[in-house]
Amino acid sequence: MSGEPTSAVAIATAVQSGSTTALAVAEGALARIEAENPRLNAFTDVLVERALRTARALDAARATGEPLGPLAGVPFAVKNLYDVAGLPTLAGSIINRARPPASHDAVLIRRLEAAGAVLVGALNMGEYAYDFTGENLHYGPSRNPLDTTRMTGGSSGGSAAAVGGGLVPLALGSDTNGSIRVPASLCGIFGLKPTYGRLPRTGTFPFVDSLDHLGPFARTVEDLALAFDVLQGPDGGDAACSARPPEPVLPALERPRGKWNVAVAEGYFTAGATPAALEALECVAGALGAVRRIEIADAHVARAAAYLLTTTEGAALHLSRLRDRADDFEPIVRDRLLSGAMVPAQVVTRAQKFRAHFRDHMLSLLDGLDAIIALSTPCTAPLIGQQLLDLGGQSVPLRANIGLYAQPISFVGLPVVAVPVPLSPLPIGLQIITAPWREDIGLMIADTLERLGLVGPKPMT
Amino acid sequence: MRNPEAMEALTRALADVLRLPVKPEWLPSVAQQLAITLALADSLEAVEVGDETSAAPVYRL
C-alpha cells in the first residue's frame with residue numbers, strides 16, 4: 001500500500017481531486033481486509049458488494065461534476081452493535097443471530113455515508129458490550145495488530161484492531177464504561193468518547209441506556225475531528241440526544257493556541273499503574289506544562305456506582321433473553337447479568353443520585369481548567385486469555401479492573417479524547433478529559449501533542 | 001466480604017422468586033457476582049448524598 005493515501009483526510013482529498021478513485025480505494029481496503037483479517041479477527045461481516053456499489057456511485061457522481069462530501073471515498077467499518085441494513089445486529093452475541101436483518105442503517109452510518117464515506121463491514125466486539133478485553137467466545141478474540149498474542153481491549157476490540165492494523169482509517173465503536181478508551185489505549189490509536197447525549201444512538205443495540213456513548217476511532221487527530229464533525233447533530237430517535245446543533249471542531253485545529261491549563265489526575269488514577277505508564281503520563285504532562293496535580297475525591301465510589309448501574313440496567317435489558325436463552329450467553333456475561341437482576345432497587349437509586357453529586361464535583365474541578373489528563377489503562381496490552389492483572393503488586397481479576405481509570409469519567413458523561421503514547425514495545429493511552437460539550441478543547445490538546453510527536457500510532461511494519 | 005454460603009442461599013432464593021434460570025453449576029459464580037455487587041453498593045453508603053439530590057436515570061449535562 002506504499003504511495004496510497006492512508007488517512008481519511010488524504011483519501012478524501014485524493015478522491016475529490018480525481019488523483020484516485022473511490023473504487024480503487026475501496027478495492028484496496030477490501031484487499032487489506034482479506035489479507036489481514038484472518039490474523040486480526042476484526043471483522044464479522046465484510047460488505048464487498050455494498051462497498052463497491054457505493055464507491056462506483058461516488059465516482060459516477062464526480063464524473064458528472066457533483067461535489068463530493070468531506071469523507072469522499074473513505075472506507076470505514078462499525079462495531080456490530082450498529083444496525084447495518086440487511087444484517088442482523090449481533091452485538092457480539094449468537095442470540096441476536098435470530099433477529100431479523102436490520103431494515104435501515106444506524107443514523108451515524110447514514111451520516112458518514114452522506115459525507116461520502118464507504119461502509120466496508122461490521123466489526124467484532126465483546127458480547128453485548130459487557131467486556132473490557134476484546135475477547136469473544138462465539139466469534140473468537142479480536143487480536144492486537146501490534147502483537148497478535150495480545151488483547152485489543154474491549155468491548156470495541158474489532159474497531160480498534162481494524163484501525164490500528166490499517167485496514168480502515170476510521171471505525172465507529174461504543175463506550176459505556178471505557179469501551180472506546182480501553183481498546184484505543186491497548187492498540188495505540190486515537191478515540192473519542194464525546195459528551196453523553198452528543199451523538200445519537202438511533203439504530204444501535206443498547207447496553208446501558210444511561211451510560212451508552214458512541215464515537216469514532218482514527219489514526220490521526222485530524223481524521224478523528226473530521227469524523228466527529230460529520231457525526232454531530234440532533235436526532236429525534238434517541239431521547240438522550242441533545243438538541244445542540246453541530247459545533248465543528250476541524251477549523252479549530254488550525255487556530256493558533258496559547259498555553260493550556262491542564263491538571264494531572266493522580267491518586268486513584270495512578271494507583272497500580274506500571275512505571276512505564278506513569279512515565280508516559282509525566283512525559284505528556286511535561287509537554288503541556290501541567291504542574292497542577294489533583295486527586296478526584298470519591299472516584300472509587302463513582303466506579304462502584306457505574307458498575308451497579310451497568311449490571312442492573314444490563315440485566316433489565318436482557319431479562320427475557322436470560323429467561324429464555326441463558327445457555328447461549330458467554331458464562332461470565334450471563335452470571336453478571338443474572339446477579340444484576342437480583343440487586344435491590346434502592347441501590348440503583350443511590351447510584352443514580354450519587355451521579356448528580358459526582359458530576360457537580362467534576363464540574364467544579366474543571367472550572368478554570370482546560371482539561372484533566374489521566375491514564376486510560378494501568379498497563380499496556382495483556383496477553384489474550386490472561387485472567388489476572390498485577391495492580392501495584394496486587395493480583396486482581398483483569399476483566400473487572402483494566403477499565404478502572406475509564407469508568408468514573410463516562411459515569412458522568414464528560415467528553416474524553418483518548419491519545420496513544422507510543423511506548424516500546426507496546427503503547428498506552430491517556431484520557432484528555434474536558435468540560436461537557438468541549439470536545440474541541442480535547443481535540444486541540446491532542447493535536448498539540450501530535451504535532452510535538454508525543455502521541456500517535458506506532459508505525460506499521 | 002459476605003458469607004459465601006449465605007450468598008448462595010440468597011441467590012438460590014432470589015432466582016426462585018424472580019424466575020431466573022440459575023442452574024446449580026452456575027450458582028457459585030452468580031452468588032460471587034452478587035456479593036461483589038453488594039460490596040460495591042456498600043461504598044455508596046459511605047458518601048452523604050442529600051435527600052433533595054435528584055436521581056439521573058437519563059443523564060444530561
Side-chain angles (χ1 to χ4, degrees), chain A residues 195-197 209-211 239-240 242 297-298 300-301 303-309 311-313 315 319 322-327 331-332 334-344 346-360 363 397 400 411-415 435-437, chain B:
Chain A
T195 310
Y196 180 77
D209 184 70
S210 69
L211 294 172
S242 165
D298 294 329
H300 68 291
V301 184
R303 180 185 173 225
Y307 184 101
L308 290 162
L309 293 182
T311 192
T312 53
E313 274 196 52
L319 193 59
L322 287 168
R323 287 196 171 122
D324 298 340
R325 298 194 60 180
D327 284 305
I332 184 65
R334 177 198 64 214
D335 295 349
R336 285 166 141 188
L337 292 173
L338 282 169
S339 70
M342 299 174 181
V343 175
Q346 54 88 3
V347 168
V348 181
T349 305
R350 262 197 101 83
Q352 288 166 336
K353 290 178 72 135
F354 176 74
R355 182 149 52 163
H357 171 84
F358 191 68
R359 172 200 59 193
D360 293 345
L363 293 182
F411 175 60
V412 288
L414 296 172
W437 316 114
Chain B
M1 200 60 172
R2 289 163 171 82
N3 179 308
E5 286 178 13
M7 284 307 306
E8 289 199 16
L10 173 66
T11 303
R12 195 180 297 113
L14 284 169
D16 186 41
V17 297
L18 296 173
R19 294 183 293 114
L20 295 168
V22 179
K23 292 184 178 176
E25 61 268 32
W26 303 347
L27 189 65
S29 170
V30 177
Q32 186 188 25
Q33 291 297 330
L34 185 58
I36 291 168
T37 305
L38 295 178
L40 290 169
D42 290 344
S43 69
L44 275 171
E45 292 192 19
V47 179
E48 276 300 316
V49 178
D51 291 341
E52 293 78 19
T53 304
S54 55
V58 174
Y59 182 76
R60 268 177 209 273
L61 282 162

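Here is the naming used below: chain letters follow the sequence lines, and residue numbers restart at 1 for every chain.
- Taking the six-membered ring for Trp and thresholds of 30 and 60 degrees, Phe354(A) and His357(A) have ring planes inclined between 30 and 60 degrees apart.
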Problem set entry | side-chain contact (heavy atoms from CB on, under 4.5 Å) evaluation trace for Leu414(A) with Thr195(A) | CA-CA 5 Å; Leu414(A) 296 172; Thr195(A) 310; over 6 Å; no
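- Proximity to chain B is limited to the side chain of Leu319(A), based on heavy atoms less than 4.5 angstrom apart.
- Only the side chain of Ile332(A) comes within contact range of chain B, judged by heavy atoms closer than 4.5 Å.
- Both the backbone and the side chain of Asp327(A) come within less than 4.5 Å of a heavy atom in chain B.
- Within the 4.5 angstrom heavy-atom criterion, only side-chain atoms of Pro344(A), from C-beta onward, approach chain B.
- Around the CD atom of Glu5(B), the shell of radius 6.0 Å holds no more than 12 heavy atoms that belong to other residues, nucleotides or ligands.
- The candidate with the highest count of non-hydrogen atom pairs below 4.5 Å against chain A, out of Thr11(B), Leu38(B), Leu44(B), is Leu44(B).
- Ranked by heavy-atom pairs shorter than 4.5 Å toward chain B, the options Gln346(A), Arg323(A), Arg350(A) are led by Arg323(A).
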Exercise. Taking it one step at a time, do Leu10(B) and Arg2(B) satisfy side-chain contact (heavy atoms from CB on, under 4.5 Å)?
Worked result: CA-CA 11 Å; Leu10(B) 173 66; Arg2(B) 289 163 171 82; over 6 Å; no
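- In terms of modelled atom types and a separation under 3.5 Å, the side chain of Glu8(B) and the main chain of Leu27(B) share no donor-acceptor contact.
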Problem set entry | Stepwise side-chain contact (heavy atoms from CB on, under 4.5 Å) test for Arg355(A) and Ser210(A) | CA-CA 11 Å; Arg355(A) 182 149 52 163; Ser210(A) 69; 3.3 Å; yes
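- Among Ala31(B), Ser43(B), Ala46(B), the residue with the largest count of heavy-atom pairs under 4.5 Å with chain A is Ser43(B).
- For a residue to count as touching a neighbouring chain, one of its non-hydrogen atoms must lie under 4.5 Å from one of that chain's; by this rule Arg303(A) does not touch chain B.
- Heavy atoms of Glu48(B) lying under 4.5 Å from chain A belong exclusively to its backbone.
- With a 4.5 Å cut-off on non-hydrogen atoms, Ala351(A) touches chain B through its backbone and its side chain both.
- Between chain A and the residues Val22(B), Leu20(B), Val17(B), the largest count of heavy-atom pairs under 4.5 Å involves Leu20(B).
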For this session: Determine, step by step, whether Val30(B) and Met342(A) satisfy the side-chain contact (heavy atoms from CB on, under 4.5 Å) criterion, reporting the C-alpha distance in whole Å, the side-chain angles of both residues, the deciding distance to 0.1 Å, and the verdict.
Result: CA-CA 10 Å; Val30(B) 177; Met342(A) 299 174 181; 4.2 Å; yes
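- Counting heavy-atom pairs closer than 4.5 Å to chain B, the top residue among Ala305(A), Gly340(A), Ala341(A) is Ala341(A).
- Between Thr53(B) and Ala356(A), the shortest heavy-atom distance links the atoms CG2-CB, 3.7 Å.
- Residue with the most contacts toward chain A among Thr37(B), Asp42(B), Val49(B): Thr37(B) (heavy-atom pairs, distance under 4.5 Å).
- Side-chain contact between Ile36(B) and Tyr307(A): present, with at least one pair of heavy atoms (C-beta onward) separated by less than 4.5 Å.
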